[in-house]
Amino acid sequence: NNLIIYPLKRFSLKKFIVFVLLLSSFAYSAAIKEIQFYGLIHISQSIALESLPFSKGDQLNEEQITDSIHSFYKKNYFINISVRFENGVLIYFFTEKPLISRIDYAGYFDNDDEQAREIIGLKKGNIYDTKKVKKAKNRIIEYLESEGYIDSVVEIKTERLSGNSIEVNFIINRGKEIEIEKLNFYGRKGISRDDLEDQVANQEAQSFAWWFGRHYGEMKKTDLKYDS
């Protein structure tokens, strides 16, 4: 028997697939007597079998096996997949992505803040995905900007836990709040300042701002579009 390793790269998936086949000299005419899966958690073996472009009894086809690996990666459950063929048995080995078991916030939200969960779009039980976590970080920054905090910084720290789970921590360093000290209007021919002030969402800071109808002068970025 010869050990043959095929390094394959699917650029659209940005994955390296190490496709390991232990083949005899008649490898390309060998029949698949059995198909086995190891490491599956999120999908059942029956669904995995249905996903394959071949079945038990078919002839071994390297191109189809490569396509099947790409197809499994597209499900976004797996960090690594390898395949081995020996004595008629085709075996898939999977390493699945961890599940998020805990999400913590430091510096702004409370850990049980329902609003925070809605903003980041993540929850316990989700599959950990670096792209989705990065999007969550950007959503926090965008939310802070909408509340008037500019140049906020959000750090992400993770900790691997038992049972293929992970804890995600968002360390939030809130930026400086912008206060509007003076509001100016240019080109307001024939329109009074009071009339214009009634139409803008961002108002300059006023004395006794705590009184009903008065303004603290916080600049809200999301309201700028209404003021232009």
Side-chain angles (χ1 to χ4, degrees), residues 8-18 37 39-44 47-48 51 68-82 92-180 201-202 216-228:
L8 307 172
K9 185 176 181 182
R10 180 69 173 264
F11 289 96
S12 61
L13 295 172
K14 296 182 180 178
K15 298 283 187 180
F16 280 98
I17 304 171
V18 178
F37 302 99
L40 286 178
I41 299 174
H42 296 109
I43 63 174
S44 66
I47 291 177
S51 302
S68 72
I69 294 174
H70 290 164
S71 178
F72 280 125
Y73 269 127
K74 287 181 180 179
K75 296 181 185 297
N76 205 31
Y77 290 144
F78 309 108
I79 298 172
N80 185 63
I81 304 171
S82 61
Y92 284 79
F93 299 92
F94 298 92
T95 302
E96 295 206 357
K97 295 180 179 179
L99 293 178
I100 298 174
S101 61
R102 183 180 176 86
I103 302 174
D104 282 344
Y105 312 92
Y108 194 78
F109 300 112
D110 295 327
N111 288 335
D112 59 350
D113 195 326
E114 180 64 32
Q115 182 186 36
R117 288 193 288 270
E118 293 177 359
I119 291 169
I120 68 172
L122 295 176
K123 61 183 180 180
K124 291 189 295 185
N126 286 161
I127 294 173
Y128 179 80
D129 185 284
T130 53
K131 291 182 179 179
K132 291 182 179 179
V133 172
K134 186 176 181 180
K135 286 182 180 179
K137 167 186 171 178
N138 292 336
R139 290 192 191 103
I140 293 174
I141 293 173
E142 290 170 0
Y143 172 77
L144 292 173
E145 288 181 348
S146 73
E147 292 297 300
Y149 300 104
I150 306 301
D151 295 329
S152 298
V153 176
V154 178
E155 299 177 67
I156 301 169
K157 293 185 178 180
T158 59
E159 181 180 352
R160 293 299 295 262
L161 305 175
S162 61
N164 197 35
S165 63
I166 193 168
E167 178 180 327
V168 181
N169 296 283
F170 292 95
I171 315 300
I172 303 168
N173 298 295
R174 188 177 61 187
K176 185 178 180 181
E177 187 175 22
I178 295 179
E179 180 179 301
I180 303 173
N202 286 293
Y216 284 95
E218 306 103 320
M219 196 278 288
K220 300 293 181 68
K221 185 177 179 180
T222 52
D223 290 338
L224 289 176
K225 59 185 177 183
Y226 303 115
D227 296 338
S228 59

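A quick note: this is a predicted structure, and the numbers were derived from the prediction, not measured.
- With sequence neighbours left out, Tyr77 forms a side-chain hydrogen bond (donor to acceptor under 3.5 Å, both in side chains) with no residue at all.
- Looking at Ser152 and Tyr108, their side chains never bring a donor and an acceptor atom within 3.5 Å of each other.
- Using the six-membered ring where Trp is involved, Phe78 and Phe94 have ring planes that are tilted, between 30° and 60° apart.
- With rounding to the nearest 0.5 angstrom, the CD1 atom of Ile127 is 12.5 Å from the CD1 atom of Ile166.
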Practice prompt. Any chance you could lay out the side-chain contact (heavy atoms from CB on, under 4.5 Å) test for Tyr105 and Ile120, step after step, and finish with the verdict?
Written response: CA-CA 11 Å; Tyr105 312 92; Ile120 68 172; 3.1 Å; yes
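- At a threshold of 4.5 Å between non-hydrogen side-chain atoms, the residues Ser82 and Thr95 do not count as touching.
- Among residues two or more places apart in sequence or in another chain, the side-chain hydrogen bond (donor to acceptor under 3.5 Å, both in side chains) test is passed with Asn76 by Lys97, Asp129.
- In this structure, CG on Asn126 lies 5.5 Å from CD1 on Ile100, to the nearest 0.5 angstrom.
- To the nearest 0.5 angstrom, Ile81 atom CD1 is 9.5 Å from Glu96 atom CD.
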Practice prompt. Verify side-chain contact (heavy atoms from CB on, under 4.5 Å) between Leu144 and Ile172, making sure each step is shown before the conclusion.
Written response: CA-CA 10 Å; Leu144 292 173; Ile172 303 168; 3.7 Å; yes
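- In this structure the side chain of Tyr73 reaches within 4.5 angstrom of the side chain of Asn80, judged on heavy atoms.
- To the nearest 0.5 Å, atom CD1 of residue Ile140 and atom CZ of residue Phe109 are 6.0 Å apart.
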Practice prompt. Apply the test side-chain contact (heavy atoms from CB on, under 4.5 Å) to residues Arg117 and Ile103: give CA-CA distance (whole Å), side-chain angles for both, the deciding distance (0.1 Å), then the verdict.
Written response: CA-CA 9 Å; Arg117 288 193 288 270; Ile103 302 174; over 6 Å; no
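- Under a cutoff of 6.0 Å and an axis angle of 45°, Arg174 and Tyr149 form a cation-pi pair.
- Heavy atoms from other residues, nucleotides or ligands lying under 6.0 Å from CG of Asp151 number 12 at most.
- Taking all atoms of both residues into account, the shortest heavy-atom contact from Ala48 to Ile43 is CB-CD1, 4.3 Å.
- Considering every non-hydrogen atom in both Phe72 and Ser51, the closest pair reads CE2-CB, 4.2 Å.
- For Ile156, the side-chain contact (heavy atoms from CB on, under 4.5 Å) criterion is met by Val133, Lys137, Thr158, Val168, Phe170, not counting sequence neighbours.
- Evaluation of the side-chain hydrogen bond (donor to acceptor under 3.5 Å, both in side chains) rule for Tyr143 yields Gln115 as partners, not counting sequence neighbours.
- Contact record, Asn173 with Glu155: ND2-OE2, 3.5 Å, taken as the closest heavy-atom pair.
- Checked against side-chain hydrogen bond (donor to acceptor under 3.5 Å, both in side chains), Ser165 has no partners two or more places apart in sequence or in another chain.
- Glu159 is linked by a side-chain contact (heavy atoms from CB on, under 4.5 Å) to Leu161, Glu167, counting only residues two or more places apart in sequence or in another chain.
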